[in-house]
There are 2 protein chains.
Amino acid sequence: MTSLRADAERNRRLILEAAAEAFAERGLDAGMAEIARRAGVGNATVFRRFPTKEALFEAILEDRLAELGSAAERAAEEADPFEALVVFLEAGAAMQARDRGLFQATEHHVLEHPEILEKHRCVVEAVEPLVARAQEAGVLRDDVTTTDVLALMKASVAGLPPLPGVREDGWRRFLSLFLDGMRPGAATPLPVPAVSFDDVAAALHDYA
Amino acid sequence: MTSLRADAERNRRLILEAAAEAFAERGLDAGMAEIARRAGVGNATVFRRFPTKEALFEAILEDRLAELGSAAERAAEEADPFEALVVFLEAGAAMQARDRGLFQATEHHVLEHPEILEKHRCVVEAVEPLVARAQEAGVLRDDVTTTDVLALMKASVAGLPPLPGVREDGWRRFLSLFLDGMRPGAATPLPVPAVSFDDVAAALHDYA
DNA sequence: ACCTGAACACCGTTCAAGT
DNA sequence: ACCTGAACACCGTTCAAGT
């Protein structure tokens with residue numbers, strides 16, 4: 001971990017770039033052989049740096065989750081509390097619509113990995129203030145949680161299948177509908193309790 | 001197609017039952033060998049009836065889509081127009097939450113198959129009257145389409161990862177939020193045009 | 001006709017040989 | 001140390017032999 005030989009470090013970077021592209025385009029179906037070819041290295045070299053396909057994906061996912069956290073922090077600078085939420089949700093949804101791997105990550109075992117769970121928690125913690133501020137300002141209903149907000153982000157992207165020829169930002173429509181449902185004026189009592197981040201973490205723990 | 005020998009017909013049924021269970025539990029990751037074992041037949045027998053894994057999944061998906069259509073027709077009998085929509089959406093979301101394969105189908109190439117596309121169109125046609133009636137009654141905003149309604153059904157289920165230990169009906173919460181956003185009172189102009197069934201069909205056609 | 005275990009192709013992963 | 005093509009294991013699919 002301390003430092004790799006120069007050529008190895010270069011290969012590592014090439015592999016990560018190739019993998020990021022491949023996973024973004026084809027999702028987790030992207031093959032290791034294809035990634036090795038795109039990176040211009042032998043296939044065994046990929047496995048020398050990343051013991052498993054999942055580990056490689058995990059490395060990239062960590063970056064993405066960090067970006068998501070940054071997006072939340074940037075959004076926090078918006079003057080309007082509701083707009084801050086919107087800016088974050090749009091940034092996150094756009095990321096997921098562009099990156100098939102990122103989108104698929106949520107329904108994958110990768111979540112189990114402690115590092116991923118940790119980064120995920122960071123995202124949650126970065127979004128929490130946005131939710132709290134909007135609720136204090138009275139522009140977001142009080143009965144929705146941060147997990148709800150993140151779930152709705154993903155849900156918006158999940159509404160339509162990713163197909164060349166179908167507009168990529170179709171999620172904007174669904175996100176808009178969600179937002180309309182999340183304003184206090186529209187509120188109707190929610191039927192089931194929210195699932196918290198800790199609920200999911202505990203379930204993953206038991207599952208493993 | 002006319003008629004199989006009695007033992008073959010029995011095996012066919014066993015395979016379909018085993019596959020339905022396997023796909024429901026594990027989604028498309030379910031292996032053909034496992035299905036064969038569950039059905040109590042040799043693996044080659046599965047391929048004798050269904051030339052490919054996709055064909056087998058397709059056969060099951062057709063049934064599920066037919067059930068979805070029936071659910072829409074049953075829902076149409078509800079006295080209240082909004083309640084009719086809710087009943088349908090709850091039935092469909094529950095089906096998808098229970099059946100991982102059905103859930104995954106939407107983002108899979110299976111949609112390309114003409115028979116599937118046809119059944120899908122039937123579902124759309126069965127839901128259209130529900131949407132129209134709710135809009136005429138003034139309980140559903142005029143700018144949402146049938147495709148929106150179906151997309152939101154899937155989106156609700158997509159909000160949370162399917163994990164043992166996380167409540168299976170978490171989708172109820174998201175569906176409720178969606179519904180709140182779909183009532184006329186909450187309406188805010190939608191940012192992008194709806195994607196129609198024909199748009200998706202055309203994109204699939206070009207894609208193939 | 002139908003059934004089946006064995007063989008084949010592909011992809012994730014590991015190994016033995018090379019620098 | 002690092003790199004790599006070849007070998008291995010697994011799963012979808014096909015084949016040749018059996019009833």
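Here the structure is a predicted model, which is why all the values come from computation and not from measurement. All chains are named by letter (A, B, ...) in the order of the sequence lines, taking the proteins before the strands, and each is independently numbered beginning at 1.
A salt bridge does not link Glu78(A) with Arg133(A): every distance from a Lys NZ or Arg NE/NH1/NH2 to an Asp or Glu carboxylate oxygen is 4.0 Å or more. In summary, Arg98(A) and Glu168(A) do not engage in a salt bridge, as defined by a charged side-chain N under 4.0 Å from a carboxylate O. The pair Glu34(B)-Arg38(B) meets the salt-bridge criterion, since a charged nitrogen lies less than 4.0 angstrom from a carboxylate oxygen. Salt bridge present: Glu9(B) and Arg13(B) bring a charged side-chain N and a carboxylate O closer than 4.0 Å.
Between Val131(B) and Val144(B) the shortest heavy-atom distance is CG1-O, 4.4 Å. Minimum heavy-atom separation, Ala158(B) to Ala158(A): CB-CB, 3.3 Å.
Checking side-chain atoms of Thr147(A) against main-chain N and O of Val195(A) turns up a donor-acceptor pair under 3.5 Å. Ser176(B) contributes no side-chain N or O that, together with a main-chain N or O of Arg172(B), makes up a donor-acceptor pair within less than 3.5 Å. Judged by distance alone, the side chain of Lys154(A) and the main-chain N or O of Leu160(B) form no donor-acceptor pair under 3.5 Å.
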For nucleotides 10-12 of chain C, tabulate all protein N/O to nucleotide N/O atom pairs closer than 3.5 Å, reporting atom names and distance.
from, atom 1, to, atom 2, distance (Å)
dG12(C), OP1, Lys53(A), NZ, 3.0
dG12(C), OP2, Met32(A), N, 2.9

Close N/O contacts between protein and nucleotides 16-19 of chain C (under 3.5 Å):
none

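Residues passing the side-chain hydrogen bond (donor to acceptor under 3.5 Å, both in side chains) test with Glu115(A), sequence neighbours excluded: none.
For the pair Arg49(A) CZ and dT13(C) P, the computed distance is 17 Å after rounding to whole Å. Rounding to whole angstrom units, CZ of residue Arg37(B) and P of dT4(C) are separated by 15 Å. Atom pair Leu14(A):CG and dT4(D):P shows a separation of 11 Å (rounding to whole Å applied). Atoms CZ (Phe50(B)) and P (dT13(D)) sit 13 Å apart, rounded to a whole Å.
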Go ahead and write out DNA chain D as dot-bracket, 5' to 3': ( ) for pairs within the strand, [ ] for ones crossing earlier pairs, | when the partner sits on another strand, dots for unpaired; Watson-Crick or G-U wobble, both distances under 3.5 Å. ||.|||||...|||||.||
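You'll find the side chain of Asp148(B) reaches within 4.5 Å of the side chain of Phe174(A), heavy atoms only.
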Would you be so kind as to tabulate the donor-acceptor pairs closer than 3.5 Å made by side chains of residues 53-69 of chain A, with sequence neighbours excluded?
from, atom 1, to, atom 2, distance (Å)
Lys53(A), NZ, Leu28(A), O, 2.9
Lys53(A), NZ, Ala30(A), O, 2.9
Glu54(A), OE2, His113(A), NE2, 2.8
Glu58(A), OE1, His113(A), ND1, 3.0
Arg64(A), NE, Asp99(A), OD2, 3.1
Arg64(A), NH1, Glu67(A), OE2, 3.0

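At a non-hydrogen distance threshold of 4.0 Å, Val41(A), Gly42(A), Asn43(A), Ala44(A), Thr45(A) from residues 39-46 of chain A come into contact with DNA chain D.
With rounding to the nearest 0.5 angstrom, the CD atom of Glu83(B) is 11.5 Å from the CG atom of Leu130(B).
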